[in-house]
Asks: 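First the structure, then my questions, so here it is.
These numbers come from a predicted model, not from an experiment. Chain letters run A, B, ... following the sequence lines, proteins first, then strands; residues in each count from 1.
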Amino acid sequence: MTNTYDPTSVEAKWQKKWEEAKAFNTDLKKAKDPFYGLVMFPYPSGDKLHVGHWYNFAPADSYFRWQRMKGHDTFTPMGFDAFGLPAENYAIKTGVPPAESIKKNVATMITQLKRMGCMYDWEKTVNTSDPEYYRWTQWLFLQMFDHDLAYKKEASVNWCPNCQTVLANEQVADGHCERCGTEVIQKKLNQWFWKTTQYAQRLLDGLDKLEWPEKTKLMQANWIGRSEGAEITFALTGHDETVKVYTTRPDTLFGVTYMVLAPEHPLVDVLTEEHHRGAVEAYKKEVAKKTELQRTDLNKEKSGVPLGSFAVNPATNERIPIWIADYVLAQYGTGAVMAVPAHDERDYDFAKKHDLPMKEVVKGGDVSQAAFAEEGVAMQSQFLDGLRTPEAKKKIIAWLEDEEKGRGVVQFRLKDWLVSRQRYWGAPIPIVYDPEGRPHPVPEKHLPWLLPTDVEFKPTGKSPLTESKEFVERTEKIFGKGWTPEYDTMDTFVCSSFYYLRYLMQGDPKKFVDPTLEKKWMPVSMYIGGPEHATMHLIYARFVMMALSDFGIVSHEEPFERLVHQGLITNGGAKMSKSKGNVVSPDSFVDRHGADVFRMYLMFMGPFTDGGDWSDTGIKGIDRFVQRVWGLFGEKPVKGADDDATVVAVLHKTIKRVTESVAAFRFNTAIAALMEFLNAVEGKAHSLTTARTFTRLLAPLAPHLAEELWHAMGGKDFVIDQPWPEYEAKYLLSDTLTVVVQVNGKLRGNIVVPSDAPEADVIARAKEDENVKKFLTGPIKKEIYVKGRLVNLVV
RNA sequence: GCCGGAGUGGCGGAAUUGGUAGACGCGCACGACUCAAAAUCGUGUGCCGAAAGGCAUUGAGGGUUCGAUUCCCUCCUCCGGCACCA
């Protein structure tokens with residue numbers, strides 16, 4: 001081979017030409033047919049881009065390029081989620097300030113990203129650690145504060161002893177820190193929260209309208225965790241207070257035999273009888289020592305102690321004992337439950353262990369064996385007797401409401417978002433405290449409220465910003481003697497909750513977002529990123545967008561109209577990570593094969609949404625494909641030839657298959673279709689038009705090669721600005737069809753018939769087939785004809 | 001435990017309003033080119049057979065059907081999520 005295709009020089013050439021022509025800089029104002037294609041922006045880590053990033057970004061770019069060829073004004077920005085722990089931990093280890101290491105990493109990653117040949121509009125990039133960005137993170141905090149959606153309170157919070165900071169509920173996985181894997185403990189701290197719970201119902205309802213993977217929507221729905229039930233008030237013997245419980249099964253009220261409070265319930269002290277106090281205090285101490293993981297371990301025996309006091313069942317007026325037990329959670333519902341051992345598994349276990357009575361009130365199970373928690377028919381329940389569970393629920397709730405002993409309520413498992421962090425490398429919370437300790441917002445004119453630099457980053461559990469002299473001096477200078485700044489910074493998920501709006505920065509720089517551009521470009525047309533954000537970023541961003549729409553800042557409630565998750569690329573079956581030392585860098589592959597080959601190889605591995613284990617065997621196949629394409633169409637372009645009769649039909653079939661595949665994110669089958677076309681056309685005459693059509697089909701998948709081919713064939717402009725080919729149905733039909741003949745469902749031959757042949761003719765022809773005849777050993781019982789596909793003869 | 005998703009050649013995978021299972025690619029074998037190797041090209045690649053053709057087959061077992069990778073039931077394995085939410 002004398003004139004092989006050299007990706008290195010060709011790719012560099014086209015990247016330069018695209019840049020010079022500003023081919024990917026979208027004029028947001030003038031655009032007529034917007035398509036906002038977004039990928040989740042990366043964290044600029046020292047590991048640089050790994051194959052996982054490529055697996056996310058490259059196919060996404062192919063999809064966006066296809067949208068562009070379909071005629072959309074496609075906007076695909078890229079930025080950096082630059083605040084966060086890794087840069088800070090790196091600084092602790094090496095002394096290099098986070099601002100410096102991030103700057104260096106961003107520069108490296110931009111170089112890498114440019115080599116991918118994606119259509120990123122670098123004029124509109126963001127970096128969340130840039131003061132001009134985080135002024136808006138802080139502005140958002142002030143908006144939340146002004147609208148009463150941000151508040152500070154003392155609460156038991158998740159604390160990571162290794163990261164030395166609090167974590168949001170979403171950032172705790174299986175009792176461990178989502179980031180470092182350390183076991184999380186509970187700590188009582190005064191922290192800032194955002195009221196996501198106020199949006200629980202809307203966050204749930206909004207899911208219906210989204211074109212997201214069903215799985216992701218289900219995960220969010222489960223996370224929000226809506227349940228319907230009743231809040232029931234229990235009077236107490238010898239106390240004026242009452243205890244409210246939450247239950248989803250108010251219909252079992254007649255079966256309540258005791259009550260359980262969470263050990264942290266505020267009434268525990270009051271309700272503890274003197275002779276029980278020792279045991280109760282000991283139990284509380286024991287519970288407090290447990291980690292979240294130990295406490296929620298389902299296999300452990302259900303522990304608890306009685307308080308010695310009693311409540312009154314509002315339906316029966318029976319006296320029931322009150323216990324505390326750590327299987328009741330303080331944070332959910334009212335922190336107290338009415339126990340119905342016959343119809344709740346947990347209450348059943350607890351009652352068995354502590355020898356508490358049981359009363360069956362729903363027919364349908366055998367409560368001597370196990371709790372019957374399903375629906376059934378009420379019994380031993382006075383006016384509920386004979387009613388099915390749903391009706392019994394309605395009736396008892398109506399009764400409770402009439403008697404003013406309870407009411408129907410809806411509960412959510414979603415909690416408010418804990419946004420403060422005791423770490424350095426984040427956006428400072430724009431709050432100052434007056435000498436009496438009351439919080440005040442930092443006025444907007446002082447934004448960005450700069451992150452101080454005179455700070456060591458040793459994690460001590462106290463916010464590093466407390467060390468900054470400058471920070472306090474600045475605060476006192478502006479607000480007065482005795483005023484102090486808020487020392488906590490914000491969760492980085494705050495930074496990433498609105499970045500998709502900041503990309504639309506072509507408008508008024510004094511505004512958070514230009515309303516005209518927001519209206520025109522939002523919501524994001526297609527958002528692509530990992531499924532690990534299902535209950536973190538993707539909930540936070542939806543919450544923020546909804547809040548902003550309520551504030552009148554944006555015109556849409558939902559940020560991401562369509563969402564697709566790429567699959568995970570593992571190595572040796574494990575997630576790639578620096579600590580495991582199994583991170584694969586794309587750089588050497590790009591050096592050797594070029595970006596087009598590497599992109600196509602990643603896409604050819606399998607369905608985009610599946611991911612898979614990394615292996616480079618097979619990259620050779622794509623290499624060969626690229627060389628063969630170049631050899632056939634690029635090296636010596638055809639002039640004046642006509643298409644072989646079969647070529648046109650194959651071409652149109654290919655257009656159909658590639659179009660459908662790309663639309664469905666099935667890039668693997670799109671590439672397979674192009675390979676099949678090549679196999680079919682090699683050695684046959686083809687026209688220049690056919691070669692050009694093929695090049696356009698290739699353009700989203702191998703952008704550099706396609707440009708080179710396009711120009712080798714005398715094409716003008718960029719191939720990426722050519723229209724996407726359309727197939728013509730007439731070419732997909734042929735005069736004859738091959739029909740499969742089965743006998744008793746087994747393949748015995750095939751016949752070629754005119755495509756308009758009537759059924760009777762086809763069946764007659766089928767019976768004449770020599771091989772078929774051999775198997776027609778008896779009378780034909782049934783003849784089945786599937787038009788144009790097969791004949792099945794049953795004997 | 002509960003909720004999702006998935007099990008197809010030596011490997012990645014293709015094909016589902018039920019209709020030729022294994023497209024495309026890797027790998028492997030043989031051949032051509034070469035002094036040789038690499039690269040490239042050609043042929044083959046579930047099993048039996050020279051071929052015609054036959055047989056088997058989509059995690060296991062059962063069912064529905066003329067026909068099942070596709071639908072139903074039972075089970076096994078793997079992956080993801082949630083996990084005492086009353």
Side-chain angles (χ1 to χ4, degrees), chain A residues 1 4 173-175 213-216 218-223 225-227 229 245-249 252 260 295-300 302 325-329 331-340 343-347 349-350 373 411-415 531-532 534-535 565 567-568 570 573 601 604-607 609-613 615-625 627-628 631 657 666 668-679 738-750 770-771 774 780-795:
Chain A
M1 185 73 56
T4 55
D174 213 10
E214 287 307 316
K215 183 180 170 163
T216 308
L218 193 68
M219 276 171 69
Q220 286 211 354
N222 288 341
W223 192 261
R226 183 184 199 275
S227 78
V245 302
Y246 172 73
T247 176
T248 53
R249 292 296 299 273
T252 61
V260 190
R295 178 156 175 183
T296 54
D297 182 3
L298 288 167
N299 297 321
K300 76 170 183 358
K302 288 196 166 41
D326 69 352
Y327 80 90
V328 175
L329 306 174
Q331 320 87 287
Y332 183 77
T334 60
V337 301
M338 57 179 224
V340 188
H343 305 290
D344 182 281
E345 225 175 287
R346 296 149 301 185
D347 298 342
D349 292 347
F350 191 78
Q411 276 290 335
F412 294 95
R413 294 169 79 157
L414 186 73
K415 291 178 193 164
E532 66 275 17
T535 54
H565 297 302
L568 180 69
T570 54
Y601 177 61
F604 192 60
M605 275 171 61
T609 50
D610 283 10
D613 203 45
S615 156
D616 60 2
T617 64
I619 195 162
K620 211 183 217 178
I622 303 291
D623 243 337
R624 285 179 186 145
F625 172 68
Q627 293 299 340
R628 280 170 63 206
R657 286 178 60 194
R666 309 274 293 197
N668 53 332
T669 49
I671 293 167
L674 292 174
M675 287 173 167
E676 282 181 66
F677 174 78
L678 194 68
N679 291 342
T738 304
V739 173
V740 168
V741 184
Q742 297 179 336
V743 179
N744 289 343
K746 291 209 175 206
L747 178 68
R748 297 302 176 192
N750 48 64
E770 285 306 319
N771 196 50
K774 289 199 307 204
I780 295 172
K781 280 195 279 187
K782 202 166 185 179
E783 296 170 349
I784 288 139
Y785 177 53
V786 181
K787 197 171 181 308
R789 304 208 72 142
L790 65 70
V791 171
N792 190 13
L793 304 169
V794 186
V795 296

Asks: So what does A:D613 hit on the nucleic acid, given a heavy-atom distance under 4.0 Å: a base, only sugar-phosphate, or nothing?
Replies: nothing
Asks: Looking at B:G27, I'd like to know if its phosphate oxygens (OP1 or OP2) sit under 4.0 Å from a side-chain N or O belonging to A:K620.
Replies: yes
Asks: A:V740 near the nucleic acid: base, sugar-phosphate alone, or nothing, with a heavy-atom cut-off under 4.0 Å?
Replies: base
Asks: Quantified in whole Å, what is the C1' atom distance between nucleotide B:A36 and nucleotide B:A32?
Replies: 15 Å
Asks: Using whole Å, what does the distance between atom C1' of nucleotide B:A68 and atom CG of A:L747 come to?
Replies: 16 Å
Asks: For the residue pair A:Y332 and A:Y246, categorise the inter-ring angle as parallel (less than 30°), tilted (30 to 60°) or perpendicular (more than 60°).
Replies: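 Ring orientation of A:Y332 relative to A:Y246: perpendicular.
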Asks: Would you kindly give the CZ-to-P distance between A:F625 and B:G12, to the nearest whole Å?
Replies: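 Checked: the CZ to P distance equals 23 Å.
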Asks: NA contact type, A:N750, heavy-atom cut-off 4.0 Å: base, sugar-phosphate, or nothing?
Replies: nothing
Asks: Do A:E676 and A:R657 come within less than 4.5 Å of each other through their side chains, counting heavy atoms only?
Replies: yes
Asks: Pull up the glycosidic torsion of B:G5 and say syn or anti, syn being anything within 90° of 0.
Replies: anti
Asks: Tell me whether A:R249 contacts the main-chain N or O of A:A373 through its side chain, where contact means a donor paired with an acceptor under 3.5 Å.
Replies: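 The answer is yes, because a donor-acceptor pair under 3.5 Å joins these two groups.
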Asks: Would you indicate what A:I784 reaches in the nucleic acid, counting non-hydrogen atoms under 4.0 angstrom: base, sugar-phosphate, or nothing?
Replies: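 Here A:I784 touches the bases of the nucleic acid.
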Asks: Would you classify A:V328 as touching base, sugar-phosphate or nothing, given that sugar-phosphate means primed atoms plus P, OP1 and OP2, and contacts are heavy atoms under 4.0 Å?
Replies: base
Asks: What does B:G67 pair with, Watson-Crick or G-U, if both distances are under 3.5 Å?
Replies: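 Across any shown strand, B:G67 pairs with none.
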Asks: Any base atoms under 4.0 Å from A:R657, or only sugar-phosphate, or nothing? Heavy atoms, all strands.
Replies: nothing
Asks: Would you classify A:K781 as touching base, sugar-phosphate or nothing, given that sugar-phosphate means primed atoms plus P, OP1 and OP2, and contacts are heavy atoms under 4.0 Å?
Replies: nothing
Asks: May I ask you to say what A:T738 touches in the nucleic acid, namely base, sugar-phosphate or nothing, with a heavy-atom cut-off under 4.0 Å?
Replies: nothing
Asks: Would you indicate what A:N668 reaches in the nucleic acid, counting non-hydrogen atoms under 4.0 angstrom: base, sugar-phosphate, or nothing?
Replies: sugar-phosphate
Asks: So what's B:U43 paired with, Watson-Crick or G-U wobble, going by both distances under 3.5 Å?
Replies: B:A29
Asks: For the pair made of CD in A:Q220 and C1' in B:G4, what is the distance, rounded to whole Å?
Replies: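 For the pair A:Q220 CD and B:G4 C1', the rounded distance is 15 Å.
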Asks: Which value, in whole Å, describes the distance between the P atoms of nucleotides B:U57 and B:C2?
Replies: 34 Å
Asks: Say you pick atom C1' in B:C72 and the same atom in B:A23; how far apart are they, in whole Å?
Replies: 29 Å
Asks: Mind checking if A:P531 touches a base, just sugar-phosphate, or nothing, with heavy atoms under 4.0 Å?
Replies: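 Nothing, no nucleic acid heavy atom in range.
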Asks: For B:C75, what is the paired nucleotide under Watson-Crick or G-U wobble rules, both distances under 3.5 Å?
Replies: B:G59
Asks: Under 4.0 Å from OP1 or OP2 of B:G25: is there any side-chain N or O of A:R624 that close?
Replies: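 No, because none of the side-chain N or O atoms of A:R624 sits under 4.0 Å from OP1 or OP2 of B:G25.
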Asks: I need the CG-P distance between A:D349 and B:G1, as an integer number of Å.
Replies: 14 Å
Asks: For A:R226, report the nucleic acid contact type (base, sugar-phosphate, nothing); a contact means any heavy atom under 4.0 Å.
Replies: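 Result for A:R226 = nothing.
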Asks: Could you identify the nucleotide paired to B:U20, looking across every strand shown and requiring Watson-Crick or G-U wobble geometry with both distances under 3.5 Å?
Replies: none
Asks: What does A:R789 touch in the nucleic acid at a heavy-atom separation under 4.0 angstrom: a base, only the sugar-phosphate, or nothing?
Replies: sugar-phosphate
Asks: For a quick check of understanding: with a heavy-atom distance under 4.0 Å over all strands, which category does A:Q742 fall into, base, sugar-phosphate or nothing?
Replies: base
Asks: Would you say B:A86 has OP1 or OP2 under 4.0 Å from some side-chain N or O of A:Y327?
Replies: no
